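Encoded as C-alpha coordinates, the structure appears first; notes follow it.
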Amino acid sequence: MTLGPLPSTPAAASRRTVLIAAAGAATLAALPARAQSFPSRPITLICPWPAGGSTDRHMRALAELASKNLGQPVIVENKPGGGGTTGPGTMALTAKPDGYTISQYPMGMLRVPHMQKVQWDPLKDFTFLLGVSGYTFGLTVRADSPFKSFKEYIEAARKDPGKIDYGSTGVGTSPHLLMEELAANAKVTLNHIPFKGNADLQQALLGGHVMAQSDASGWDKYVDGGQMRLLVTFGEKRTKRWPAVPTAQELGYGVVSTSPYGLAAPKGMDPAVAKTLHDAFRKAMEDPKHIELLDQLNQDAWYRSGDDYAKWARDTYAKDKQLIERLGLAAK
(Lines give C-alpha, C1' and ligand atoms only; values in the text may rest on other atoms or scores of the structure.)
Protein backbone atom coordinates (compact mmCIF):
# COMPACT_ATOMS: atom_id res chain seq x y z
CA MET A 1 0.00 0.00 0.00
CA THR A 2 1.48 3.39 -1.05
CA LEU A 3 0.40 6.23 1.23
CA GLY A 4 2.08 9.08 -0.66
CA PRO A 5 3.59 12.27 0.72
CA LEU A 6 2.72 13.72 4.09
CA PRO A 7 -0.69 15.46 4.13
CA SER A 8 -0.88 19.25 4.39
CA THR A 9 -4.36 19.63 5.91
CA PRO A 10 -5.92 18.31 9.16
CA ALA A 11 -8.53 16.33 7.19
CA ALA A 12 -5.87 14.72 5.04
CA ALA A 13 -3.82 13.95 8.15
CA SER A 14 -6.81 12.26 9.70
CA ARG A 15 -7.35 10.14 6.56
CA ARG A 16 -3.69 9.17 6.57
CA THR A 17 -3.91 8.10 10.23
CA VAL A 18 -6.89 5.89 9.40
CA LEU A 19 -5.04 4.33 6.45
CA ILE A 20 -1.95 3.59 8.54
CA ALA A 21 -4.07 2.02 11.27
CA ALA A 22 -5.92 -0.10 8.72
CA ALA A 23 -2.68 -1.25 7.13
CA GLY A 24 -1.24 -2.16 10.52
CA ALA A 25 -4.37 -4.07 11.50
CA ALA A 26 -4.28 -6.00 8.24
CA THR A 27 -0.64 -6.94 8.84
CA LEU A 28 -1.35 -8.12 12.38
CA ALA A 29 -4.35 -10.11 11.20
CA ALA A 30 -2.26 -11.83 8.54
CA LEU A 31 0.34 -13.14 11.01
CA PRO A 32 -1.90 -15.51 12.98
CA ALA A 33 -3.64 -16.47 9.74
CA ARG A 34 -0.34 -17.75 8.32
CA ALA A 35 0.36 -19.65 11.53
CA GLN A 36 -3.13 -21.13 11.49
CA SER A 37 -2.74 -22.29 7.88
CA PHE A 38 0.43 -24.27 8.70
CA PRO A 39 0.74 -27.05 7.79
CA SER A 40 -1.22 -27.23 4.56
CA ARG A 41 0.78 -30.13 3.04
CA PRO A 42 2.93 -33.07 4.18
CA ILE A 43 6.07 -32.43 6.24
CA THR A 44 9.38 -34.22 5.61
CA LEU A 45 11.30 -35.44 8.65
CA ILE A 46 14.88 -36.37 7.75
CA CYS A 47 16.35 -39.37 9.55
CA PRO A 48 20.12 -39.14 8.97
CA TRP A 49 20.58 -42.89 9.44
CA PRO A 50 19.67 -45.95 7.32
CA ALA A 51 16.24 -47.55 7.56
CA GLY A 52 15.81 -50.28 10.14
CA GLY A 53 18.03 -48.93 12.91
CA SER A 54 16.98 -47.68 16.34
CA THR A 55 16.79 -44.00 15.33
CA ASP A 56 14.75 -44.87 12.24
CA ARG A 57 12.34 -46.88 14.40
CA HIS A 58 12.03 -43.96 16.80
CA MET A 59 11.57 -41.25 14.14
CA ARG A 60 8.91 -43.22 12.27
CA ALA A 61 6.87 -43.81 15.41
CA LEU A 62 7.20 -40.19 16.50
CA ALA A 63 6.31 -38.93 13.00
CA GLU A 64 3.15 -41.03 12.92
CA LEU A 65 1.99 -39.67 16.27
CA ALA A 66 2.85 -36.07 15.39
CA SER A 67 0.94 -36.40 12.11
CA LYS A 68 -2.28 -36.79 14.07
CA ASN A 69 -1.58 -33.58 15.96
CA LEU A 70 -0.64 -31.60 12.85
CA GLY A 71 -3.43 -32.82 10.57
CA GLN A 72 -0.89 -33.59 7.83
CA PRO A 73 1.39 -36.60 7.20
CA VAL A 74 4.95 -36.41 8.50
CA ILE A 75 7.00 -38.44 6.04
CA VAL A 76 10.35 -39.87 7.18
CA GLU A 77 13.13 -39.64 4.60
CA ASN A 78 16.39 -41.51 5.26
CA LYS A 79 19.54 -39.56 4.35
CA PRO A 80 22.45 -41.43 5.96
CA GLY A 81 26.12 -40.56 5.83
CA GLY A 82 28.72 -38.33 7.42
CA GLY A 83 28.20 -39.78 10.88
CA GLY A 84 24.61 -38.53 10.87
CA THR A 85 25.51 -35.05 9.57
CA THR A 86 24.73 -35.36 5.85
CA GLY A 87 20.95 -35.17 6.25
CA PRO A 88 20.63 -32.19 8.60
CA GLY A 89 23.62 -30.44 7.00
CA THR A 90 22.05 -30.67 3.54
CA MET A 91 18.74 -29.44 4.96
CA ALA A 92 20.44 -26.37 6.45
CA LEU A 93 22.01 -25.50 3.09
CA THR A 94 19.07 -26.18 0.77
CA ALA A 95 15.69 -26.25 2.54
CA LYS A 96 13.42 -23.28 3.18
CA PRO A 97 12.63 -22.45 6.83
CA ASP A 98 8.92 -22.88 6.15
CA GLY A 99 8.38 -25.85 8.46
CA TYR A 100 8.00 -28.44 5.72
CA THR A 101 11.49 -29.89 6.14
CA ILE A 102 12.87 -30.78 9.58
CA SER A 103 15.48 -33.25 10.77
CA GLN A 104 16.71 -35.32 13.66
CA TYR A 105 19.76 -33.52 15.06
CA PRO A 106 22.33 -36.02 16.40
CA MET A 107 25.37 -35.29 18.57
CA GLY A 108 27.68 -35.71 15.59
CA MET A 109 26.47 -32.29 14.39
CA LEU A 110 28.30 -30.75 17.36
CA ARG A 111 31.45 -32.84 16.93
CA VAL A 112 32.23 -33.38 13.25
CA PRO A 113 32.82 -29.63 12.64
CA HIS A 114 35.71 -29.84 15.13
CA MET A 115 37.18 -32.76 13.18
CA GLN A 116 36.77 -31.65 9.57
CA LYS A 117 35.65 -28.68 7.51
CA VAL A 118 31.89 -28.50 6.87
CA GLN A 119 29.80 -26.04 4.84
CA TRP A 120 27.26 -25.41 7.57
CA ASP A 121 27.44 -23.94 11.06
CA PRO A 122 26.08 -26.37 13.69
CA LEU A 123 24.54 -23.54 15.73
CA LYS A 124 23.82 -20.56 13.47
CA ASP A 125 22.29 -22.50 10.55
CA PHE A 126 19.53 -24.22 12.54
CA THR A 127 16.29 -23.51 14.37
CA PHE A 128 16.18 -25.82 17.39
CA LEU A 129 12.65 -27.15 17.90
CA LEU A 130 12.82 -29.48 20.92
CA GLY A 131 14.92 -32.14 22.65
CA VAL A 132 13.50 -35.64 22.43
CA SER A 133 15.58 -38.52 23.83
CA GLY A 134 19.03 -40.03 24.32
CA TYR A 135 20.53 -43.38 23.44
CA THR A 136 21.54 -46.40 25.47
CA PHE A 137 24.91 -47.41 24.04
CA GLY A 138 26.52 -50.81 24.29
CA LEU A 139 29.19 -53.01 22.76
CA THR A 140 27.87 -56.23 21.25
CA VAL A 141 29.52 -59.25 19.62
CA ARG A 142 28.09 -62.25 17.80
CA ALA A 143 26.73 -64.99 20.00
CA ASP A 144 29.56 -67.32 18.86
CA SER A 145 32.29 -64.74 19.55
CA PRO A 146 35.25 -65.92 21.64
CA PHE A 147 34.77 -62.80 23.80
CA LYS A 148 32.49 -63.79 26.66
CA SER A 149 33.06 -60.55 28.60
CA PHE A 150 34.25 -57.01 27.99
CA LYS A 151 37.37 -57.78 30.01
CA GLU A 152 38.28 -60.53 27.53
CA TYR A 153 37.75 -58.13 24.62
CA ILE A 154 40.07 -55.51 26.15
CA GLU A 155 42.68 -58.13 27.09
CA ALA A 156 42.73 -59.32 23.47
CA ALA A 157 43.34 -55.73 22.35
CA ARG A 158 46.17 -55.44 24.84
CA LYS A 159 47.84 -58.57 23.45
CA ASP A 160 47.35 -57.58 19.78
CA PRO A 161 47.41 -53.76 19.48
CA GLY A 162 45.38 -52.55 16.50
CA LYS A 163 44.21 -56.05 15.56
CA ILE A 164 40.96 -56.12 17.55
CA ASP A 165 38.29 -54.14 15.72
CA TYR A 166 34.88 -52.66 16.29
CA GLY A 167 32.37 -50.92 14.05
CA SER A 168 30.50 -47.71 14.78
CA THR A 169 27.91 -45.55 13.04
CA GLY A 170 30.60 -43.22 11.70
CA VAL A 171 33.60 -41.05 12.50
CA GLY A 172 32.79 -38.47 15.17
CA THR A 173 29.60 -40.18 16.37
CA SER A 174 29.10 -41.01 20.04
CA PRO A 175 29.62 -44.78 19.50
CA HIS A 176 33.00 -43.95 17.95
CA LEU A 177 34.19 -41.34 20.45
CA LEU A 178 33.13 -43.24 23.56
CA MET A 179 35.16 -46.27 22.41
CA GLU A 180 38.18 -44.10 21.61
CA GLU A 181 37.94 -42.48 25.04
CA LEU A 182 37.62 -45.89 26.67
CA ALA A 183 40.59 -47.27 24.70
CA ALA A 184 42.69 -44.30 25.80
CA ASN A 185 41.71 -44.85 29.44
CA ALA A 186 42.42 -48.59 29.15
CA LYS A 187 45.71 -47.88 27.33
CA VAL A 188 44.88 -50.15 24.38
CA THR A 189 44.65 -49.55 20.63
CA LEU A 190 41.50 -50.66 18.81
CA ASN A 191 40.85 -50.72 15.06
CA HIS A 192 37.82 -48.55 14.25
CA ILE A 193 35.66 -49.38 11.21
CA PRO A 194 33.01 -46.72 10.40
CA PHE A 195 29.62 -47.51 8.82
CA LYS A 196 26.79 -45.32 7.50
CA GLY A 197 24.42 -46.34 10.27
CA ASN A 198 23.39 -49.04 12.69
CA ALA A 199 21.40 -51.14 10.23
CA ASP A 200 24.49 -51.60 8.03
CA LEU A 201 26.68 -52.15 11.07
CA GLN A 202 24.41 -54.83 12.51
CA GLN A 203 24.42 -56.79 9.27
CA ALA A 204 28.23 -56.57 9.13
CA LEU A 205 28.48 -57.96 12.65
CA LEU A 206 25.98 -60.74 12.00
CA GLY A 207 27.86 -61.59 8.79
CA GLY A 208 31.17 -61.86 10.63
CA HIS A 209 32.78 -58.89 8.87
CA VAL A 210 33.53 -57.03 12.11
CA MET A 211 34.34 -58.38 15.60
CA ALA A 212 32.14 -56.05 17.63
CA GLN A 213 29.76 -53.13 17.25
CA SER A 214 29.56 -50.00 19.36
CA ASP A 215 26.06 -48.67 18.88
CA ALA A 216 22.76 -47.55 20.35
CA SER A 217 20.20 -50.11 21.42
CA GLY A 218 19.00 -51.07 17.94
CA TRP A 219 20.73 -54.35 18.75
CA ASP A 220 18.05 -55.09 21.37
CA LYS A 221 16.14 -57.65 19.30
CA TYR A 222 19.34 -59.49 18.36
CA VAL A 223 20.50 -59.66 21.97
CA ASP A 224 17.07 -60.84 23.13
CA GLY A 225 16.91 -63.26 20.19
CA GLY A 226 20.24 -64.84 21.00
CA GLN A 227 22.16 -63.75 17.87
CA MET A 228 24.32 -61.22 19.74
CA ARG A 229 25.94 -60.95 23.16
CA LEU A 230 25.94 -57.61 24.99
CA LEU A 231 29.28 -57.11 26.78
CA VAL A 232 28.98 -53.64 28.30
CA THR A 233 26.72 -50.57 28.36
CA PHE A 234 27.67 -46.90 28.73
CA GLY A 235 24.97 -45.34 30.90
CA GLU A 236 25.34 -44.06 34.44
CA LYS A 237 23.76 -47.26 35.75
CA ARG A 238 22.88 -50.73 34.49
CA THR A 239 19.85 -51.03 32.25
CA LYS A 240 16.53 -52.38 33.50
CA ARG A 241 16.29 -54.67 30.49
CA TRP A 242 19.77 -56.24 30.77
CA PRO A 243 20.63 -55.85 34.48
CA ALA A 244 23.38 -58.51 34.39
CA VAL A 245 25.47 -56.46 31.94
CA PRO A 246 27.98 -54.10 33.63
CA THR A 247 28.57 -50.48 32.71
CA ALA A 248 31.90 -49.17 31.48
CA GLN A 249 31.97 -46.85 34.46
CA GLU A 250 31.67 -49.62 37.05
CA LEU A 251 34.39 -51.58 35.24
CA GLY A 252 36.70 -48.64 35.88
CA TYR A 253 36.93 -47.09 32.41
CA GLY A 254 35.34 -43.75 33.34
CA VAL A 255 33.13 -43.39 30.25
CA VAL A 256 29.43 -42.42 30.43
CA SER A 257 27.48 -41.44 27.30
CA THR A 258 23.79 -41.01 26.45
CA SER A 259 24.12 -38.68 23.41
CA PRO A 260 20.90 -36.64 23.59
CA TYR A 261 19.17 -35.69 20.35
CA GLY A 262 16.18 -33.71 19.17
CA LEU A 263 14.60 -32.07 16.15
CA ALA A 264 15.83 -29.03 14.25
CA ALA A 265 14.89 -27.00 11.18
CA PRO A 266 16.70 -24.50 8.93
CA LYS A 267 17.55 -21.11 10.43
CA GLY A 268 15.11 -18.20 10.15
CA MET A 269 11.89 -20.08 10.86
CA ASP A 270 8.77 -18.11 11.78
CA PRO A 271 8.42 -18.52 15.58
CA ALA A 272 4.72 -19.34 15.17
CA VAL A 273 5.53 -22.22 12.80
CA ALA A 274 8.29 -23.43 15.14
CA LYS A 275 5.79 -23.42 18.01
CA THR A 276 3.28 -25.43 15.99
CA LEU A 277 5.91 -28.09 15.29
CA HIS A 278 7.18 -28.04 18.87
CA ASP A 279 3.70 -28.46 20.33
CA ALA A 280 2.79 -31.31 17.96
CA PHE A 281 5.94 -33.31 18.67
CA ARG A 282 5.82 -32.51 22.39
CA LYS A 283 2.31 -33.97 22.51
CA ALA A 284 3.51 -36.98 20.49
CA MET A 285 6.26 -37.58 23.06
CA GLU A 286 3.61 -37.86 25.78
CA ASP A 287 1.58 -40.46 23.86
CA PRO A 288 1.57 -43.92 25.55
CA LYS A 289 2.71 -45.53 22.28
CA HIS A 290 5.80 -43.34 22.24
CA ILE A 291 6.56 -44.04 25.88
CA GLU A 292 6.22 -47.76 25.16
CA LEU A 293 8.67 -47.54 22.23
CA LEU A 294 11.26 -45.70 24.34
CA ASP A 295 10.96 -48.50 26.87
CA GLN A 296 11.56 -51.06 24.12
CA LEU A 297 14.66 -49.15 23.00
CA ASN A 298 15.74 -48.73 26.62
CA GLN A 299 15.81 -44.94 26.14
CA ASP A 300 14.62 -42.14 28.37
CA ALA A 301 12.67 -39.08 27.30
CA TRP A 302 14.83 -35.94 27.15
CA TYR A 303 12.40 -33.10 26.57
CA ARG A 304 13.86 -29.62 26.13
CA SER A 305 12.10 -26.53 24.80
CA GLY A 306 13.53 -24.95 21.66
CA ASP A 307 15.39 -22.28 23.65
CA ASP A 308 16.74 -24.78 26.18
CA TYR A 309 17.80 -27.15 23.41
CA ALA A 310 19.68 -24.36 21.62
CA LYS A 311 21.50 -23.43 24.84
CA TRP A 312 22.42 -27.07 25.46
CA ALA A 313 23.79 -27.29 21.90
CA ARG A 314 25.96 -24.20 22.42
CA ASP A 315 27.36 -25.53 25.69
CA THR A 316 27.95 -29.02 24.29
CA TYR A 317 29.67 -27.70 21.17
CA ALA A 318 32.21 -25.87 23.32
CA LYS A 319 32.69 -28.79 25.73
CA ASP A 320 33.12 -31.46 23.04
CA LYS A 321 35.86 -29.46 21.35
CA GLN A 322 38.02 -30.21 24.37
CA LEU A 323 37.19 -33.95 24.20
CA ILE A 324 38.06 -34.18 20.51
CA GLU A 325 41.32 -32.33 21.02
CA ARG A 326 42.21 -34.61 23.95
CA LEU A 327 41.63 -37.69 21.77
CA GLY A 328 43.84 -36.24 19.03
CA LEU A 329 40.98 -36.16 16.51
CA ALA A 330 40.76 -32.40 15.94
CA ALA A 331 41.20 -31.07 12.39
CA LYS A 332 44.77 -30.02 11.70
Side-chain angles (χ1 to χ4, degrees), residues 48-49 55 80-86 88-89 105-118 120-123 134-141 147 150-151 153-198 201 204-205 210-216 231-236 246-261 312-332:
W49 310 100
T55 310
T85 66
T86 298
Y105 188 95
M107 281 279 285
M109 296 294 293
L110 302 170
R111 291 170 168 172
V112 170
H114 293 310
M115 303 167 69
Q116 63 190 54
K117 186 176 181 180
V118 295
W120 38 266
D121 186 288
L123 303 175
Y135 297 107
T136 290
F137 293 113
L139 188 83
T140 59
V141 296
F147 306 125
F150 190 65
K151 180 181 178 180
Y153 178 80
I154 292 298
E155 286 303 319
R158 186 164 283 119
K159 291 177 182 177
D160 292 310
K163 299 293 180 65
I164 304 302
D165 65 42
Y166 73 94
S168 83
T169 46
V171 175
T173 61
S174 292
H176 170 219
L177 294 185
L178 65 86
M179 284 298 290
E180 292 303 308
E181 186 174 11
L182 186 148
N185 293 347
K187 296 180 172 56
V188 299
T189 300
L190 298 169
N191 180 27
H192 173 233
I193 302 174
F195 289 80
K196 284 187 176 181
N198 41 22
L201 173 55
L205 179 64
V210 65
M211 294 180 182
Q213 72 164 346
S214 174
D215 193 15
L231 300 184
V232 68
T233 57
F234 294 92
E236 293 184 352
T247 67
Q249 181 169 251
E250 71 180 272
L251 291 178
Y253 296 110
V255 179
V256 176
S257 179
T258 56
S259 193
Y261 61 86
W312 173 88
R314 290 192 297 271
D315 293 344
T316 301
Y317 183 60
K319 181 183 69 175
D320 281 4
K321 180 182 180 182
Q322 299 174 3
L323 170 64
I324 289 166
E325 289 175 346
R326 179 159 55 85
L327 295 174
L329 299 172
K332 303 298 188 221

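As the structure is a computational prediction, the values presented were derived from the model and not from experiment. Position 1 is the first residue of the sequence, and the numbers go up from there.
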If I take atom [atom1] from residue [X] and atom [atom2] from residue [Y], how far apart are they, to the nearest 0.5 angstrom?
X: I324; Y: R111; atom1: CD1; atom2: CZ; answer: 6.5 Å
X: T189; Y: E180; atom1: OG1; atom2: CD; answer: 9.0 Å
X: Q249; Y: T233; atom1: CD; atom2: OG1; answer: 10.5 Å
X: E155; Y: F147; atom1: CD; atom2: CZ; answer: 11.0 Å

Do you know the tightest heavy-atom contact between [X] and [Y]?
X: M115; Y: A331; result: O-CB, 3.3 Å
X: W120; Y: P113; result: CZ3-CG, 3.7 Å
X: G167; Y: F195; result: CA-CE1, 4.1 Å
X: I154; Y: A186; result: CG2-CB, 4.3 Å
X: Y317; Y: L110; result: CD1-O, 3.2 Å
X: V141; Y: A212; result: CG1-CB, 3.8 Å

**Prompt:** Are the side chain of D165 and the backbone N or O of N191 linked by a donor-acceptor pair below 3.5 Å?
**Reply:**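 A pair under 3.5 Å: no.
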
**Short side-chain to backbone donor-acceptor contact, R326 and E181, under 3.5 Å** =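 A pair under 3.5 Å: no.
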
**Message:** Assess the residue pair T173 and W49 against the criterion (side chain to side chain contact (heavy atoms under 4.5 Å, CB included)); give the C-alpha distance rounded to whole Å, side-chain angles, the decisive distance to 0.1 Å, and a yes or no.
**Reply:** CA-CA 12 Å; T173 61; W49 310 100; 3.9 Å; yes

Minimum side-chain heavy-atom gap [X]-[Y] below 4.5 Å:
X: M107; Y: D320; answer: yes
X: T140; Y: L205; answer: yes
X: L182; Y: L178; answer: no
X: H192; Y: S214; answer: no
X: T247; Y: V256; answer: no
X: H176; Y: L329; answer: yes
X: F234; Y: M179; answer: yes
X: S174; Y: P106; answer: no

**Request:** Report, as yes or no, whether the 6.0 Å neighbourhood of atom CD on E236 holds more than 12 heavy atoms from other residues, nucleotides or ligands.
**Result:**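 No, the 6.0 Å shell around CD holds no more than 12 heavy atoms from other groups.
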
**Message:** Tell me which one of D215, T55, N198 satisfies side chain to side chain donor-acceptor pair (under 3.5 Å) with Y135.
**Reply:** T55

**Message:** Evaluate V112 against V118 for side chain to side chain contact (heavy atoms under 4.5 Å, CB included), listing each step before the verdict.
**Reply:** CA-CA 8 Å; V112 170; V118 295; 4.1 Å; yes

**Asked** Using the benzene-type ring in the case of Trp, are the ring centres of F150 and Y253 under 6.0 Å apart?
**Response** yes

**Message:** Using side chain to side chain contact (heavy atoms under 4.5 Å, CB included), reason through V232 and Y153 one step at a time and then give a plain yes or no.
**Reply:** CA-CA 11 Å; V232 68; Y153 178 80; over 6 Å; no

